[in-house]
Amino acid sequence: MNPTENMNSTRYHTLNQAQKEAVFHRDGPALIIAGPGSGKTRVITERIANLIREDNIRPWNILAITFTNKAAKEMQNRVNEILGDESRGLAIGTFHAMCARILRQFGEPIGIASDFVIYDTDDTESLVKSIMKELNTPDRFKPRQIRNRISTLKTMERTQDSAYRLGSDSYLDDLSINIKNIYDARLRRANAVDFDDLLNLTHTLLTEFEHSASFILDRFEHVLVDEFQDTNLVQYEIARALAQKSRNLVVVGDDDQSIYSWRAADIENFHRLIADFPEAKTINLDQNYRSTGHILEAAQIIINKNSGRTEKNLWTDNSQGAPVQLLTSSTADEEAWFVANEIRKHQNSPNVKENGFGVLYRTNAQSRAIEDALISNGIPYRLVGGTRFYDRKEIKDIVAYLRLIQNEHDIVAFQRVVNTPARGIGNKTLSMILQTATDTGTSPVAIAVKLVSEDAIPGIPSVTSRAKKAIQLFTSVYEHLASMRDTNNVPQLIDAVVTKTGFRAYLNTLDKDQPDRSESRWENIEEFKNVAAQYNELEEETSLHLFLEQVALVSDVDQPENNEESVNVTLTTLHSAKGLEFPVVFLVGMEEGLLPHQRSFDDEQMMEEERRLCYVGITRAREQLYLTQSLTRYLYGRSTSGSTSRYLKDLQNAGIETSETPSAQSVTSTRSYNSSYTRKKYNLGNGLRESQIKTENSHHNDIEPFKAGDKVRHGRFGIGTVINIKQDGSDWEIQVAFESQGVRKLYQSFAQLSLQN
């Protein structure tokens, strides 16, 4: 079948012309500019399938790079649905996962053993902290600060790019360089790499050791990079090197959705691609399948203000839909109650019930008021950006045991578990073990074993009998677990760690005053065992080091999964909202200093990124978009007067509908203000249409729900006694003396008090 016949086949009838062009582009590089909701995932998967099925490209000669494990899994599943077994051997994964595989196979020429371990952010920060302690670093410098400087230094070394600068503090720079040298030496000694190393070492291998890397450089005839706007310079250089021979580098991205510069994402990669591949074809995916016309119009108005962007003209065949709604409240708590009330009003709509609501905000601190309002209204929600599963203490403890079983030189893992559970090994003894291990190049485990044996270590003072007994508790556990490594699978090893260390009892002591917390921690351990069991069932090769690699490579931009069908409200920062979509979106806190954030005011590039962030938030909405602002907000420890966001002023002629809440008398009454909304009393400019919004609870009710003396329960404040009750318009104002919160004045439509029997 020739390309034209292929393009016109029945299978591709639902693709628009630009999508077909992207799927069937063959020889040479291409830049696919994919606007939000333009069907880019389908384009990528159809392109991969078409290369294999129609062009007879072998799957192992295709590389597709994504930015999250979730996206990689989704892409693989979609290709499998089209091709079945024909897709076997296809390389799909994140940059870090791909680099890890390359280094395990070909890293020997640059001094990387195939069984290296990967240190995550906490591990590297712990290592930096220990080095700073050895060097008596001044307390004003924090381990995370130094770790971030080390990361920047590594990027600078690899790219020699002037865009990466440390700053103006020469002492801090010199200190960071000194710590980095020790840090890198410790990593190599522990046969470990960090996330920066995965990229930088792969780049070194591909660009400076081409002969050793010839197999991998010759392997890929087609290289695809998704979310190209999120790549940093080193990642771009890796992709360029892999496609240098074939010139078949196809990237998919949108410069208008570049919002991760703080993670070193470099929007200049779009220009670098054109410079390095001048023959690259540009294909624009402008048709939006997600949002209504009103939402898309608002998004386009916002983003058009940015300069230097790739010109695009987003459009949709969808209906105009409901106008964008602007709500002005007097406080952040009032704003939150509005959100909760609107969610209740829409909750039973079939499409919304299935796909949910998104509440988006610029800073994590904004979630507090929203969470309070949702809890008080009995609305379950999921919080994106809370403590990730693999960052939870109990999980990191078990992983550290597994890492030490795999590699006894892993000094960070040793430090984490040697006194977990507590064994009484003092700081002096522990410091001596670590220092001896560092000075002699011996594993800390070996030093610990030697200390409790009869043979003294030359030059090292013997330890007390009490210290020996404490160390013996650890070494006996370790030697038992290490002996099981080669004969037991990962789930069995986890069971052995939990059993041998008495981990369940340890969790009980850890949270002895909070049994529910202890049980929650144990449930996390059980879930981790489930992860290991599933890995054991699905993977052909189930070695411990590969399992640990999978755990380490879980990306922090992956979204947590939640299978509770009743939870259809998602709270998330705008940065974490990327890749999500909802029928109804609330974009809260549309004020100067929040969106755009005050940290960006003095930097033009950061201000442009803030605008892109607003654009990303708006385009998460499919059917209904609410924008909210508050006249006052409690920020940075004080109450501040809110100033209307410039983005709202940009939209003043876009025909959005506006409303405002009644002014609150106090923070207490704000959380329970009357459920009817009044006409907006001020304008942002000409062209804004006004409307009056009524909540579902505004109907008149003459039946007194309680009487003075009744015991009632509130979702947040607990049990209280009704002091007074009176009718206020269509609602009931109720004064309640709560056992733990004092006297509160509430409105029944919001408080939803229930009689306590």
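- Within the model, atoms OH of Tyr506 and CG of Asp397 stand 5.0 Å from one another, a figure rounded to the nearest 0.5 Å.
- Closest non-hydrogen pair, Ser130 versus Gln415, comes out as CB-NE2, 4.1 Å.
- Other residues, nucleotides and ligands contribute at most 12 non-hydrogen atoms within 6.0 Å of the CD atom of Glu108.
- Contact check for Leu205 versus Phe106: side-chain heavy atoms found under the 4.5 Å cut-off.
- Side-chain N/O atoms of Asp115 and Asn407 include no donor and acceptor closer than 3.5 Å.
- In this structure, Lys393 does not pair ionically with Asp122, as no charged nitrogen and carboxylate oxygen lie closer than 4.0 Å.
- Checked by atom type, the side-chain pair Ser600/Glu610 shows no donor-acceptor distance below 3.5 Å.
- Gln235 has its side chain out of reach of Asn269: every pair of non-hydrogen atoms, C-beta onward, lies at least 4.5 Å apart.
- Classification of the Phe528-Phe547 ring pair by plane angle, with boundaries at 30° and 60°, yields tilted.
- Between the side chain of Arg612 and the main chain of Ser258, a donor-acceptor pair closer than 3.5 Å is present.
- Glu208 and Thr204 share no side-chain donor-acceptor pair at under 3.5 Å.
- For Arg382 (side chain) and Thr570 (main-chain N/O), no donor-acceptor pair under 3.5 Å exists by modelled atom type.
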